[in-house]
2 protein chains.
Amino acid sequence: MGHTKEHEKKLTITDVAKALGVSKTTVSRAISGKGRIGSETKERVLEYIQEHNYKPNVLAKGLAQLKTFNIGILLPEDYTVVDLPFFQTCLIGVQETAVSMDYDVLLTMGKENDCTQLARMVENHKVDGVILMRTFTKDPHIEYLKSQGIPFLTVGSTYYQGVVQVDNDHQSACRELISILLLKGMKRIGLIGGIESHVVTQSRLQGYVDACKMAGVPIDKSIIHVNVEKDMMIELGVEKLLENGVDCIVCLDDAVCIHVLNKLRKESISVPKEMKVASFYDSSILENNLPSITSLYFDARELGNVACKTLLEIIEGNQVKMRTLLGYEVILKESTK
Amino acid sequence: MGHTKEHEKKLTITDVAKALGVSKTTVSRAISGKGRIGSETKERVLEYIQEHNYKPNVLAKGLAQLKTFNIGILLPEDYTVVDLPFFQTCLIGVQETAVSMDYDVLLTMGKENDCTQLARMVENHKVDGVILMRTFTKDPHIEYLKSQGIPFLTVGSTYYQGVVQVDNDHQSACRELISILLLKGMKRIGLIGGIESHVVTQSRLQGYVDACKMAGVPIDKSIIHVNVEKDMMIELGVEKLLENGVDCIVCLDDAVCIHVLNKLRKESISVPKEMKVASFYDSSILENNLPSITSLYFDARELGNVACKTLLEIIEGNQVKMRTLLGYEVILKESTK
DNA sequence: CTGAAAGCGCTTACAG
DNA sequence: CTGAAAGCGCTTACAG
């Protein structure tokens with residue numbers, strides 16, 4: 001058995017107009033607030049629709065205005081990444097401001113080089129604009145959206161010209177974190193995690209370099225390990241870092257950090273006594289770790305809020321800043337004491 | 001600056017009809033496959049729209065058929081839960097089958113007792129049906145959707161009458177896990193985690209009880225700790241379990257399990273030598289734990305697939321099973337050796 | 001097999 | 001201040 005109860009048949013603008021003895025035009029104006037209308041008439045209409053719980057059909061409204069009142073959001077599909085709370089939280093942020101502006105969020109997944117889902121959504125006229133939740137140095141999604149001329153922006157930075165972007169200031173964040181660690185007396189700070197083709201990784205590496213330069217510390221590529229996706233590679237990376245005599249390991253995300261911590265535990269290396277550790281994102285995954293882990297904090301929810309608000313501005317034809325950089329916090333905990 | 005490039009103006013059915021010297025009716029029929037149409041004409045139309053990359057406007061189609069080709073999905077909003085990979089994976093499952101049937105997924109968040117977002121989406125006519133990703137013993141969302149008569153189903157079981165539901169067989173799963181542990185010689189198996197008002201927790205508790213009964217083991221409520229959401233409460237729960245002399249701790253989800261493992265580590269209790277541990281969900285959070293953790297595995301992606309397929313059946317007016325139960329696997333690892 | 005026409009529920013010049 | 005009418009891009013009886 002499927003569902004049995006019938007949809008109550010929904011009121012339309014015509015019903016309302018008839019009931020009130022006015023024209024559909026008038027009802028429409030009362031609701032939208034556009035166009036001249038007598039305040040008394042307006043009152044009557046609003047009261048009536050209130051009472052009878054009339055809700056305009058957004059589809060029809062959209063058709064008349066050639067809009068959908070939906071925004072699309074492209075979430076990474078690869079498993080390692082989907083687990084990161086960052087995306088969920090950012091998504092919540094997008095969603096909550098979308099709803100507050102009476103838009104809805106349409107979800108799409110996509111791998112680095114697969115535009116099919118995104119293209120389908122755009123070509124089916126299902127969205128007024130798109131938010132890309134992640135950027136690559138070479139990014140087919142960006143290229144596609146540019147070619148379509150549909151409003152969009154990226155969460156995360158990109159080198160593409162003319163693309164609106166909203167991001168945390170990862171470069172400064174990483175620079176500050178590393179500077180602090182250097183000040184605290186660490187000499188050789190190893191880096192592990194991140195994927196080279198992600199712009200965010202580039203920004204962080206730059207921040208690392210900046211901090212080293214400022215402190216007059218030479219850069220040693222043998223203690224920087226990116227593209228260590230699989231667990232085995234992380235373990236290997238840690239081994240190399242140990243061989244190369246680092247006194248601190250900075251992890252580019254919390255998932256990597258968990259593995260690093262496991263590995264150190266396996267090797268019976270105690271944190272922070274024998275090795276300092278810090279991570280990006282102050283996520284719940286690491287929340288209760290012993291020792292607590294020094295990390296950078298980015299407000300993913302606010303990032304989502306800002307991204308969504310900016311996209312809606314673009315959709316409505318307003319000018320927006322090409323690049324919005326949001327802040328960060330360095331949270332010092334036991335793991336670097 | 002916002003975006004500059006204009007939308008290329010899109011082809012409409014009228015353009016196609018004109019270009020081919022046929023009526024809109026004919027074009028529509030060629031595309032939908034409904035109604036009689038000469039196979040040659042059909043060819044011509046399909047070829048043309050192929051070549052000129054014409055895509056029908058789903059909005060207009062929807063308006064004419066009073067459909068949206070969207071389904072809504074209600075995700076839990078509370079932070080602790082959003083982190084669980086289960087929901088993401090299930091969401092991916094829903095999304096991928098939705099897309100394969102040319103539907104899109106509209107995202108909504110909601111807390112246990114807050115229907116506003118869901119109601120907004122439904123009343124705005126934005127979806128043809130809804131999937132609830134979690135169920136409560138007393139569930140306002142279910143009550144709301146029933147009252148609206150809109151097609152919906154729940155992922156997870158519910159006691160409400162006449163509600164279509166898709167779920168893994170948590171009761172059997174838990175029964176089997178516990179039975180196996182008892183067979184392996186454990187005497188006092190503690191339970192920790194889960195929220196009492198979730199139906200899934202009830203099912204698992206029932207499975208636990210079943211297994212104990214079958215084995216003739218008495219039930220001791222002092223070693224069952226539900227509603228331990230905050231970290232502190234988990235620690236306390238573990239302490240109580242220790243006091244009460246359990247030889248095995250079964251965690252109702254992996255997030256709780258992480259905290260339990262941390263606590264045991266803090267207390268220098270070694271797993272599995274001094275304490276056995278098992279968990280629900282074989283998620284990546286615990287993937288690399290040492291020792292590896294015995295757990296139940298549910299195929300969340302398939303669950304999403306099935307849920308979505310079932311909802312679409314309902315939407316299209318077909319009969320469906322009221323309750324679909326999917327399987328599980330017990331994965332034995334080091335933590336219970 | 002094909003088409004003219006009405007309709008889905010809105011918006012918006014245009015006229016009054 | 002208000003309304004009749006055309007239009008958004010489709011679908012679908014109905015007629016031929």
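Order of the sequence lines fixes the chain letters, A, B, ..., with proteins taken first and strands second; residue numbering starts at 1 for each chain.
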Whole angstrom value for the distance that separates C1' of D/dC8 from NZ of B/K24 = 10 Å
For the atom pair CG (B/L74) and CE (B/M133), what is the distance rounded to the nearest 0.5 Å?
-> 9.0 Å
Which base, if any, makes a Watson-Crick or G-U wobble pair with C/dA13, both distances under 3.5 Å?
-> none
With respect to A/Y160, which candidate in A/Q165, A/E143, A/K146 satisfies the side chain to side chain donor-acceptor pair (under 3.5 Å) definition?
-> A/E143
Taking side chain as C-beta onward, heavy atoms only, is B/V130 less than 4.5 Å from B/I71?
-> no
Can you figure out which of C/dC10, D/dG9, D/dC10 approaches the side chain of B/P56 most closely?
-> D/dC10
If you check every side-chain atom of B/T25, which of C/dG9, C/dA4, D/dC10 has the closest atom?
-> C/dA4
Check every strand shown and say whether B/L66 touches a base, only sugar-phosphate, or nothing at a heavy-atom separation below 4.0 Å.
-> sugar-phosphate
Hey, does the side chain of B/Y54 come within less than 4.0 Å of D/dG9's phosphate (OP1/OP2), counting only N and O?
-> no
Once you round it to whole Å, what is the distance between P of D/dG9 and CZ of B/F69?
-> 18 Å
Which residue, A/I13 or A/R29, contacts DNA chain C at a nucleotide closer to its 5' end, judged by nearest heavy atom?
-> A/I13
C/dC8 P sits how many Å from A/L11 CG, rounded?
-> 15 Å
Check the distance between D/dG9's C1' and B/K55's NZ and give it to me in whole angstrom.
-> 17 Å
Measure from the side-chain N and O atoms of A/H52 to the backbone N and O of A/E47, and report whether any donor-acceptor pair falls under 3.5 Å.
-> no
Length of the CG-P vector between A/L59 and D/dG7, whole Å = 21 Å
Out of D/dT2, D/dG9, C/dC10, minimum distance to the side chain of A/R36 belongs to D/dT2
Roughly, in whole Å, what's the span from CG in A/L63 to C1' in D/dG9?
-> 6 Å
Steps toward side-chain contact (heavy atoms from CB on, under 4.5 Å) verdict (B/L59, A/L66) | CA-CA 9 Å; B/L59 234 72; A/L66 296 181; over 6 Å; no
Quick one: is B/S23 getting a side-chain N or O under 4.0 Å of the C/dG3 phosphate, OP1 or OP2?
-> yes
Just wondering, do B/L91 and B/I73 contact through their side chains at under 4.5 Å, heavy atoms?
-> yes
Scan B/S28 against the nucleic acid and name what it touches under 4.0 Å (heavy atoms): base, sugar-phosphate only, or nothing.
-> base
Of the listed nucleotides D/dG7, D/dT2, D/dG9, the one nearest the side chain of A/I37 = D/dT2
Which part of the nucleic acid does B/T41 contact within heavy-atom distance under 4.0 Å: base, sugar-phosphate only, or nothing?
-> sugar-phosphate
For B/V22, report the nucleic acid contact type (base, sugar-phosphate, nothing); a contact means any heavy atom under 4.0 Å.
-> sugar-phosphate
Any side-chain N or O of A/Q65 under 4.0 Å from OP1/OP2 of D/dC8?
-> no
Could you check how far CG of A/L20 sits from P of D/dG3, rounded to whole Å?
-> 10 Å
Watson-Crick or G-U wobble mate for D/dA4, both contacts under 3.5 Å | none
Take the protein atom CG of A/N57 and the nucleotide atom P of C/dG7, then report the distance between them rounded to whole Å.
-> 18 Å
OP1 or OP2 of C/dG9 under 4.0 Å from side-chain N/O of A/T14 | no
When you get a sec, tell me which of C/dT11, D/dC8, D/dC10 is the closest nucleotide to the side chain of B/K61?
-> D/dC10
